[in-house]
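Heads up, the thing below is written out as structure tokens.
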2 protein chains.
Amino acid sequence: MDEPTRYDEKLGEILRQSATIFADRGFHQASVRDISAETGVSLSGLYYYFKSKEELLFLIQQHCFESLLVQVAAGLEGAVGPEARLRTLIEIHLGFFVANMPEMKVLSHEADALAGEYAARVLGLKRDYVALVRGCVEPLLPPDTSLDARTATFALFGQMNWIYNWYRPSRDPDAAGLARQMADLFIAGLHGARGSAADDAADDGSDEEKRALDVAPGALGAGGAL
Amino acid sequence: MDEPTRYDEKLGEILRQSATIFADRGFHQASVRDISAETGVSLSGLYYYFKSKEELLFLIQQHCFESLLVQVAAGLEGAVGPEARLRTLIEIHLGFFVANMPEMKVLSHEADALAGEYAARVLGLKRDYVALVRGCVEPLLPPDTSLDARTATFALFGQMNWIYNWYRPSRDPDAAGLARQMADLFIAGLHGARGSAADDAADDGSDEEKRALDVAPGALGAGGAL
DNA sequence: GGCGCGGTCGGACGTTCGTCCGAAGCCGAG
DNA sequence: CTCGGCTTCGGACGAACGTCCGACCGCGCC
């Protein structure tokens, strides 16, 4: 438990500010020169802290993801019972997301920007986390449900991770309120979703059309370019 | 209702293939030269069909979004009753998403890539669509719920739009099955989520920590770079 | 047969990008 | 004061990018 060195502190600062820039402009759109301007570190000086732009992104994602995993694991220790575990997980995930919005946006939105070893390492963390969440969802699936665990798990991820597209702290509930609402919604959904596959064949039978893009692009030109 | 000209057909083909490339590599990462190679049209020849790469993205997004709006509006005409309307909307949205995954991924994932007039036009369509979906969600909110309509609406969007991150046709249910599961989950969630704000103050009182990134970046270095 | 035009193309221009090299600055230890 | 290492920097390099210019081609129409 050494005190962090000046190097560690400066690297942390660079990661923080870079995450904000990547969140705002997008990873590929943001240039290392942007980061240089924002941090005050010269262009070449940055390369003392990371050896490529891709490694910088990896460090942000790894740091963020590992912190999330640590916090979730710690929070789950005090939660007993399937529902309390899932509620706790949702609460911590959303709390972390809201408290570290730039990093989490970068983690969610730039998942495909890494390749090779970097991508493999982050993917490993992601798989662990998905398995952990799925482990919290599965015990709450009713025995007779037609809902499958994978779909339910990713539906929950979608609910939670989509927030970077719409959440504004000034108009929306705080993290705790958000977590309660989403937990209520999802858990009630799990409990209530016991529709068997048999009884829904009646609701529409003939409606099996392809939903392709069928409007000719030219027809849109009427609306006008720019 | 003129038959589409060769120009329209070729533009449509370019939009389709470009959408696939943008979905795979990302908008800023994909180059116009990539599109040239994929379509077989020369680099400069492409600029006969769009006047900038940004306009190309706009055309893809506009075309896709307008088709979606048309299909949803058409589907909603035959649906009576609040629950049937929401189920229909989910079914058509997911059906369209799965049938046009590249375009919808580009629409969802590259929302910030446009600026100026292009961004304003797509944003207008988006606002209309959000209002439409919200209008389908709101009638199903129980009168005594503490769930607010905005959060519920975006939770539904998150469930549905997140699928481009995980959905694989070979292992997951088809669009109809996906729609039924998500509709069951979300609608049961709405019906069941009538927790009043009063009774949840007991479940945790002291747990009000900040969930900041508190692990020093140096500590992660032990795991090792690359 | 010649004209005009919608469609296509090779090749280039200027800009911006990520990265790197060699030198300089800083500061605690001796 | 001097030394040596960590840290920082200006400036440059080659590659890749989006875009554009001027020429060419094929084909229906007078």
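All values derive from a computational prediction rather than experimental measurement. Residue numbers start from 1 in every chain, and the chains themselves are labelled A, B, ... in the order their sequence lines are given, proteins ahead of strands.
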Checklist entry - Can a side chain N or O of Y47(B) be found less than 4.0 Å away from OP1 or OP2 on dT19(D)? => result yes
Checklist entry - At under 4.0 Å, does any side-chain N or O of K51(B) touch on OP1 or OP2 of dG18(D)? => result no
Next on the checklist: For H109(B) and Y164(B), take the angle between the two ring planes, folded into 0 to 90°, and tell me which bin it lands in: parallel under 30, tilted 30 to 60, perpendicular over 60.
Outcome noted: perpendicular
Item to check | Where chain A begins and ends its contact with DNA chain C, read 5' to 3' at 4.0 Å from heavy atoms | outcome: dC17(C) to dC21(C)
Item to check | L11(A) CG - dT8(D) P separation (whole Å) | outcome: 11 Å
Checklist entry - Hey, can you pull the residues of residues 19-37 of chain A with a non-hydrogen atom under 4.0 angstrom from DNA chain C? => result A30(A), S31(A), V32(A), R33(A)
Checklist entry - Please give, in whole Å, the distance from dT19(D) P to F50(B) CZ? => result 8 Å
Checklist entry - Can you find a pair of side-chain heavy atoms, one from I90(B) and one from M160(B), that are under 4.5 Å apart? => result yes
Item to check | Nearest-nucleotide comparison on DNA chain C, the residue closer to the 5′ end among E54(A) and S44(B) | outcome: S44(B)
Item to check | Euclidean distance, atom CD of residue E55(B) to atom P of dG18(D) [Å, nearest integer] | outcome: 15 Å
Next on the checklist: Just to be sure I understand the rule, does Y49(B) reach a base, reach only the sugar-phosphate, or reach nothing, if contact means heavy atoms closer than 4.0 Å?
Outcome noted: sugar-phosphate
Next on the checklist: The criterion is ring pair (Phe, Tyr, Trp, His ring centres under 6.0 Å); which residues satisfy it with Y49(B), sequence neighbours excluded?
Outcome noted: Y7(B)
Checklist entry - Salt-bridged, R180(B) to D174(B), with N to O below 4.0 Å? => result no
Checklist entry - Y129(A) vs F157(A) aromatic rings, parallel, tilted or perpendicular, using cut-offs 30° and 60°? => result perpendicular
Checklist entry - Do NZ/NE/NH1/NH2 and the carboxylate oxygens of R16(A) and E13(A) come within less than 4.0 Å? => result yes
Next on the checklist: Please evaluate residues Y167(B) and L178(B) with respect to the criterion side-chain contact (heavy atoms from CB on, under 4.5 Å), reporting the C-alpha separation (whole Å), side-chain torsions for both, the decisive distance (0.1 Å), and the verdict.
Outcome noted: CA-CA 10 Å; Y167(B) 183 76; L178(B) 204 59; 3.8 Å; yes
Next on the checklist: Once you measure the plane-to-plane angle for W162(B) and W162(A), does it fall in the parallel (<30°), tilted (30-60°) or perpendicular (>60°) bin?
Outcome noted: perpendicular
Checklist entry - Taking the six-membered ring of F22(A) as reference, does the NZ or CZ atom of K105(A) fall below 6.0 Å from its centre and within a 45° cone about the axis? => result no
Next on the checklist: Distance check needed: dT7(D) C1' versus Y7(A) OH, whole Å only.
Outcome noted: 11 Å
